[in-house]
Amino acid sequence: MANSSGPHNREVPAHPADPLAAPQPRADGIAARAMAARQTNAPAYMEGLNAEQRLAVETINGPVLVLAGAGTGKTRVLTTRIAHILAMGHATAGQILSVTFTNKAAREMKARIGAYIGDSVEGMTWLGTFHAICVKILRHHAELVGLKSSFSILDADDQVRLIKQIIQAEGLDEKRWTAKTFAGLLDSWKNRGLTPSQISAGEAQGFANGLGRKLYETYQERLKILNACDFGDLLLHCITIFKEHDDVLKRFQHRFRYMLVDEYQDTNIAQYMWLRLLAQGNPNVACVGDDDQSIYGWRGAEVDNILRFEQDFPGAVVVRLERNYRSTSYILSAASHLIAHNQGRLGKTLFTDQIESEDEEKVQVTSAWDSQEEARSIGDEIEALQGHGHCLNEMAILVRASFQMREFEDRFVTLGLNYRVIGGPRFYERMEIRDALAYFRCVMQTSDDLAFERIVNTPKRGLGEATLKIVHAYARKRSVPLMIAAAELVQTNELRPKARAVLADVLGMLENWRNRVETISHTELAEIILDESGYTQMWRQDRSAEAPGRLDNLKELIRSMEEFESMAGFLEHISLVMDKDSNAVEDAVSIMTLHSAKGLEFDSVFLPGWEEGVFPNQRALDETGQAGLEEERRLAYVGLTRGRKRVKIWFTSNRRIHGSWQSCIPSRFLDELPADSVEVVEASNSYSGYGLNSAGGGYGANRFDNSDPFQSKYSTPGWQRARKAQASGQQYGRMHGGNQSRRAKKAGPMTIEGELVAKSVTEAGSDFAVGERIFHMKFGYGLIGDIEGNKLTVDFEKSGQKKVLDSFVERA
DNA sequence: TTCTGAGTGCTTTTT
DNA sequence: GCACTCAGAA
């Protein structure tokens, strides 16, 4: 706030006096000169751009929407655009607002811009995530929303603990109204930019018998007292400031001469409002996104934002990037056909210039008996590829849900195959890291009650709930933070002598460290804190298996602090940037969810678990119906388009879900792939070929029955180990409990619905006739309207016209 | 205060 | 089927 409008006015004297007025293109203006320059000799950074990309880069003034399909050079366009704006002198680095969703994306963008413009990228102070940028704004204007500029940012864990306290204080049944549920609600309200007074009566009513609004209000009040805010507040407070303080808003509108938003399809309503406010004075907004890759609807992303862009920003230039530079034509065709089943798209068709070559592989679809066999089969494929010189870093297994990962990990451990799991519990979420950070937070901010609660009895000091209750009550009575309350309490006789002494000791230590903040380096102080508090000692004495790892993590934490100037700077970073670069250089297969794969690409992509219920996920279908299905389909699209050279899909006939075995139906998405881009791997190629072999020969075959048809093919070390284990009766024997055991399969062919793909691919004709009345398990009774192979078009009495497979219906 | 057993509920996840 | 949470006993 201090460095307000002065500096950049000088830098860009041509800026109109009224910041709300749209800049007028002038014949002698920079844009015109840029155009002229382009005709003569295009700058180096433009080289290699195709016509559409170039249009997206050069259309600098006015709103632009870039619809960038997967692999069409989206990041390239964004970074080049920034380089172009800077090179043409339209703005200085500090006048460009460039927003991403993840820190990773921000880092990558910065690095790539740096490659074009060198060190001046450091001047891009407004390149970052929505949240990081909001924090920056808020630190300057915190007092406008009742916070001090030193406010702390709560993470999900703190948030839930705080809500829990509030729910308890209200005397609500914590089982019926859980803190987690309310945290979810809060999030959804904040995602939509709603303050307590703005939530609809219905929604306020929905939680805890109408206490929803009150709880929200109480929560916000508590945050103010704690001088803290949650992630949603970062945006919400900014919006409030922008709305209520026109001078502040104007200053930012004036500052941000150009705005760029990455992954626009992922913006939620609050982010959209934020952006709209800033864009009011200045329409130079470029949003880049792909409606087909919108996969975060469940967390508040509004595809509508992208679909509505042209209405929101009149005169917007829409550029479609459809030329794909990543995948083979088979992969693109598969992805395009699949996504074409979605309604409500802006519509793009990916194409490639790559000439179809002999060795291009079709998208492969393979069946497996169960998830174990799936993992084994994929493991073998990976080893085969590795044997042909492909590196593991170029392979990824993308799953729908993280429970699927385990099977692969187990298998790869057996095989001795290097892998890394991406996502999952992150560094900062580990208990020891959170504890250490809580200590630091207590030192840095006496009002951080949540941190204090966390460490006051960690390591165990004999301060029980009883003592804490007294402190809490006192703090509430006096309206002071816990640490202050505790400090006052130890002067009195209200506590038991022992508790009083221990508490005084803890407070003494904190005070001591606090006094040293200015005098010694923050890393040194951190070490002292962990040491003197007895925290490291606690883990050293811990005999459990994970204790050494935790000590390592603490060391790593201190090491990572070195990059920061101060403790405060470090804490700020850690609350916003919770990921830590995994600096693994080792060659390893990546295992991750489809969600976390967005934005990445690999030569070989393995997509297991394409079964109804898993993918598309049953819950998504149940909870959000058609919209849910379409989002699942987009997820499938994202998965397919991650692959450069080969994509291999698996589905299993049986899967254990919530502990019990279920037979599975192949995913409907398989049927939506174009037959001529897909190669269905037959039974002989798979272990038991369940479901793909319509002739029935493969059914029930047990790969351990006799050693034959596979022997030649499966001689990898892992396979041999598996056989050995089988021979000695270990491991595989216990896997199939209950009556779905391997023995049951051995009994011979079984009729399971696993034939869907097989039939739709191989079989022609159906023994039903048009006009017949049939019954379907899910849709009830209906009349057959049309027959196409084994697919029937049925007019159901209750659920209207549907296409179903003949194997799912019977004559009524 | 800490250990133990019963009970529950289970996508996706960034900031 | 497993992992996590919470109530009650030592």
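First the proteins, then the strands, lettered A, B, ... as listed; each starts at 1. No hydrogens, no waters, no symmetry mates; every other heavy atom, side chains included, goes into these values. Remember, it's a predicted structure, so these values are computed and weren't measured experimentally.
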B:dT15, OP1 or OP2 - any side-chain N/O from A:Asn103 closer than 4.0 Å?
yes
The residue, A:Gly232 or A:Arg400, whose nearest nucleotide of DNA chain B is more 5′ is A:Arg400
Can you give one letter per nucleotide of nucleotides 3-10 of chain C, 5' to 3': B if a protein heavy atom sits under 4.0 Å from the base, S if only from the sugar-phosphate, - if neither?
---S----
B:dT11, B:dT13, B:dT15: which one has an atom nearest the side-chain heavy atoms of A:Trp298?
B:dT13
Could you grab the distance from atom CZ of A:Phe408 to atom CZ of A:Phe606, nearest 0.5 Å is fine?
10.0 Å
Can you see if the side chain of A:Ser402 gets near the phosphate of B:dT12 - specifically, an N or O under 4.0 Å from OP1 or OP2?
yes
A:Thr593 vs B:dT11: side-chain N/O to OP1/OP2 distance below 4.0 Å:
no
If the glycosidic angle is within 90 degrees of 0 it's syn, otherwise anti, so just tell me which one B:dT11 is.
syn
Using a heavy-atom cut-off of 4.0 Å across all strands, would you classify A:Gln271 as base, sugar-phosphate, or nothing?
nothing
Look for any protein N or O under 3.5 Å of an N or O in nucleotides 1-8 of chain B and output each such pair with its distance, or none.
from, atom 1, to, atom 2, distance (Å)
B:dT1, OP1, A:Gly464, N, 3.4
B:dT1, OP2, A:Gly464, N, 3.2

Compare side-chain N and O positions of A:Arg656 against OP1 and OP2 of C:dG1 and report whether any pair is under 4.0 Å apart.
yes
Look at all strands and tell whether A:Glu632 reaches a base, only sugar-phosphate, or nothing, counting heavy atoms closer than 4.0 Å.
base
Could you tell me if A:Gln662 and A:Glu611 have a donor-acceptor pair between their side chains, going purely by distance under 3.5 Å?
no
With A:Asp158, which of A:Arg434, A:Arg222, A:Arg454 fulfils salt bridge (charged side-chain N to carboxylate O under 4.0 Å, His left out)?
A:Arg434
Donor-acceptor pair between A:Tyr264 and A:Asn305 side chains, under 3.5 angstrom:
no
Close aromatic pair by centroid cut-off 6.0 Å: A:Trp126 and A:Phe256:
yes
